[in-house]
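Everything on this sheet refers to the single structure shown next.
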Amino acid sequence: MTDAEIEARFNAAVGLHRAGRAREAVPVYRQVLDDRPEHGNAAYNLGVALRSVGRVREAIEVWSRLVERDPGRVDALLGLSRAFRSLNDDARSLDFATRAATLRPGSADAHNLRSNALRSMGRNAEALAALDAALAAEPGYALAHSNRGHLLSALKRHAEAVESYRAARALQPSLPDLTGALLDQQMRSCDWRDFAALQDEVRDGVRRGEPVTIPFTFLAHNDDPADQMACVRTHMKSRFPEPLPAVWTGETYRHDRLRVGYVSSDLRIHAVSQLLVGMLERHDRSRFEIHAFALPPLVEDEMRARVRAACDTFKDVSAMDDAGIAAALRSAEIDIAVDLNGFTTHCRPGIFARRCAPVQINYLGYPGAMGTIAADYILADHTVIPAEESVSYDEKIIRLPFAYQPNDDRRAIADKTPTRAEVGLPETGFVFCSFNASYKITPPVFDVWMQLLQEVPGSVLWLLGGDAVIEANLRREAVDRGVDAGRLIFAPKAPLPDHLARHRLADLFLDTLPYNAHTTASDALWAGLPLVTCAGRSFAARVAASLLRATGLPDLVTTSLEDYKALALAMARDPGRLAAVKARLAANLPDAPLFDTDRTRRQVERAYEIAWGRRMAGLEPRSFDVPEDA
């Protein structure tokens, strides 16, 4: 072909690519390279097109050959860095970004990519320095400002993250997930300026199918299960624009015991393991073979040791990419893969999007839908997903008869109860408490709390502390509502047995909405502290109601903030009523389904068997209830 014909073909490929038809552009780029192998721009663009349709490893091959032929191709080095980053190979991502930065020190992209890899490797100080270099090279680089927000968020420097996100929004407000990230960090620092406006902006973007937020942070300020499912669909489409190749392709395993693989980043001191470990220890080993696959971060602590001892096999897969982990589950012939992360921190839905096992279940770590790209089923109960909300879940719903949440009935509570003075509480007065994370506290709920303090003389509100910015913001919000800032008391972090023991000093736990207390609710009930909740519509907004019903205290569940306030106020004003509720809780605890670890274990195992039986019978997943006598 003549040079002019080759360029015409190249331009045709570029036109297809720009029109969003990357899959069609791929063979045209290849034709150009067949006729002119040294056409660097065609090679680079081919890599871009391949990566955009999910063929990342092919893109790496193309760019690697280009860099071998032309080591100065910074664009290809950056492409390789991005590609290896998408495969969770941070070491090679860092290497290629560093090579690009060396060749072009003024490349903001190179420094930004270096930061991404360094952050994933836990080298946060270096990651922050790399972002500073990117912004020094290009002060108006919105993506670097946004990534700086992500890094500061990971460092729990939430107020600083807010300012980075605001800088990014001023430059490029359409960056994916940016508005949701800003609102999340403001909520984590209890910075409620323009809260309602941002909340509406995120919700409206989700309804338009725009990638304005990640699913997890959306739960904290949205209570509509249909909105949440829409958010998941957009997020998963963004992450996986093309179907990924399945590693399990229909083979039938023949095992003496059903192989269950739990996949999680939280097999360590974390709420998920705190809840699950007792069930793991009690799994019926005559019928189930238990495997654990530990995602990053790699942490060795006493909880990990306990989880490891509870499993038949425990595999650290923190150095593997998603495809490698999916292959590891396939190699282990896992029958049922249980995703304990969902969309929480360190999640890896790409493992499940590759169909790593015959049955895939979304359970415990994420209180909401993941969609059928990643899960066949979500394990729930009748309270967290009532029948009328089933339509808002793409997965099929397995409902346990009592509560979906397992608990460890061996959880220790310290014998010694501290004095009120030792924890900073006044010697007298009613103690409301809420030990939920700061991002769960919303302005409407805080309004109710301040009204309660005003209407119960001498009362205080006891919250988790440890962050000076959060404490200052909440005290300011209290004063703005006419409440003395000194009536907010902040508890420092403490070891779990000591934390549970100090619950004895509180009178009543006040729940949050739309993201309820989950593990914090079962902590309170286990410690003998009653909890008042307001049940919303979404899974996250109904967990405390589920736990209260499974503890024999359904009368502490309300369905409006007005009723929530009225119930809390009535209990604070009537010592006899509160004492009777505490006595009932104490009497219920020994036999409460919520804290019957073995009963929950039997019911979860029955759920696994029913789901597996359908798969082995060649039937599609369908929703079902697990019987009480399982």
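Just so we're clear, the structure is a prediction, and the values are computed from it rather than from any experiment.
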Original post:
Under 3.5 Å, side chain of N362 to main-chain N/O of G368, donor-acceptor pair present?
Top reply: yes

Original post:
Is R268 reaching over with its side chain to a backbone N or O of S265, donor-acceptor style, under 3.5 angstrom?
Top reply: yes

**OP:** Taking the side chain as every heavy atom from C-beta outward, state whether T179 and L198 have any pair of such atoms under 4.5 Å apart.
**Re:** yes

**OP:** May I ask you to decide if A161's main-chain N or O and Q185's side chain share a donor-acceptor pair within less than 3.5 Å?
**Re:** no

Original post:
Judged by atom type as modelled, is there a donor-acceptor pair below 3.5 Å linking the side chain of S273 to the main-chain atoms of D266?
Top reply: yes

Original post:
Does F288 have R257 sitting over its ring (NZ/CZ under 6.0 Å from centre, angle to axis within 45°)?
Top reply: no

**OP:** Apply the test side-chain hydrogen bond (donor to acceptor under 3.5 Å, both in side chains) to residues E281 and H283: give CA-CA distance (whole Å), side-chain angles for both, the deciding distance (0.1 Å), then the verdict.
**Re:** CA-CA 6 Å; E281 292 169 335; H283 267 311; over 6 Å; no

Subject >> Min side-chain heavy-atom separation V543-Y404 under 4.5 Å >> reply: yes

Subject >> Partner of Y439 under ring-ring contact (aromatic ring centres under 6.0 Å, His included), chosen from F218, W192, Y515 >> reply: Y515

Subject >> Of all pairs that satisfy salt bridge (Lys or Arg N to Asp or Glu O under 4.0 Å), the ones with a partner from residues 511-523, not counting sequence neighbours >> reply: R411-D523

**OP:** State which residues pass ring pair (Phe, Tyr, Trp, His ring centres under 6.0 Å) with W612; sequence neighbours excluded, sorted by chain then number.
**Re:** none

Original post:
Do R82 and L78 touch side chain to side chain, with heavy atoms closer than 4.5 Å?
Top reply: yes

Original post:
If only atom types and distance count, is the side chain of R259 paired as donor or acceptor with the main-chain N or O of A332 below 3.5 Å?
Top reply: yes

Original post:
Would you say the side chain of Y141 lies within less than 4.5 Å of the side chain of L171, judging by non-hydrogen atoms?
Top reply: no

Original post:
What is the minimum heavy-atom distance between S164 and G149, and which atoms define it?
Top reply: CB-N, 3.6 Å

**OP:** Take Y363 and Y377 through the ring-ring contact (aromatic ring centres under 6.0 Å, His included) test and state the conclusion after the steps.
**Re:** CA-CA 9 Å; Y363 183 42; Y377 296 97; over 10 Å; no

Subject >> Donor-acceptor pair, side chain of D223 and main chain of R537, under 3.5 angstrom >> reply: yes

